[in-house]
Amino acid sequence: MVDFDAKRRELLKVTAATGGALAAAPLLTESTPAAAAEPAGATEAVDVVLRVNGSEQRLTLDTRTTLLDALREHLQLTGTKKGCDHGQCGACTVLIDGRRVNSCLTLAVMKDGAKITTVEGLATDGSLHPLQQAFIDHDAFQCGYCTPGQICSAAGLIAEGKAKTADEIRELMSGNICRCGAYPNIVAAIQQAMGAKP
């Protein structure tokens, strides 16, 4: 008759011993030169040139740095807001080569040499951009947190030339969320800046 309990105990002992030896093996071997040269979690820094609001900025950045963080933390351009940090609210919208982009989803190194416009770069010679003035005229901001992204997105929308009606403006601005609900005023401000009657 076979003693199954004895066989089971032997199997468990062998399995435990083998598993322990396998787990300890990497600790007992010498580390490879590549592993020694680059510690776990090490990142690479690269030189990047960003043309921000008409000024050339030379930065050395971690390759994982988002454009949003480069603007806010390295260039102190805090007009661009960090909202959801997932590309869902539009608070971080900037213009890159004239196109509206969520800067929280864009790596700064990918925009080396690009022309970037933030809300700080829209005014010229001390005069507000027509959109900035229209947002004031129509009280199109309440808490103001989303306003820089709304204004940059609206500038891109106007440059695209696709929106002709209030419904088209609402549709094409749908990626920019206003938690205060100032949407009617935002649409009126954009229409004013477009030269349309609100």
Query - Criterion side chain to side chain contact (heavy atoms under 4.5 Å, CB included) against C104, the qualifying member of L68, T80, D69 - result: L68

Query - 4.5 Å side-chain heavy-atom contact, K111 and T106 - result: yes

Requested in this report: Would you give the length of the straight line joining atom CG of L67 to atom CD1 of I96, rounded to the nearest 0.5 angstrom?
Outcome: 5.0 Å

Report task. Go through the side-chain N and O atoms of S153 and R100 and say whether any donor and acceptor fall under 3.5 Å apart. Result -> yes

Query raised in the report: With no hydrogens and no angle check, do the side chains of N53 and T118 hold a donor and an acceptor under 3.5 Å apart?
Result: yes

Query - Trace of the salt bridge (Lys or Arg N to Asp or Glu O under 4.0 Å) decision for D97 with R99 - result: CA-CA 6 Å; D97 296 327; R99 297 183 63 217; over 6 Å; no

**Report entry** Test: E56 and R58 ion pair at under 4.0 Å
**Finding:** yes

Requested in this report: State, without any angle test, whether Q76 and T78 hold a side-chain donor-acceptor pair at a distance under 3.5 Å.
Outcome: no

Query - Side chain proximity check, N185 to F141, heavy atoms < 4.5 angstrom - result: no

Requested in this report: Answer yes or no: is there a side-chain heavy-atom contact under 4.5 Å between T117 and V52?
Outcome: no

Report task. Decide yes or no for L75 and L59: does some side-chain heavy atom of the first lie under 4.5 Å from some side-chain heavy atom of the second? Result -> yes

Query raised in the report: Is there side-chain contact between C178 and Q150, with heavy atoms separated by less than 4.5 Å?
Result: yes

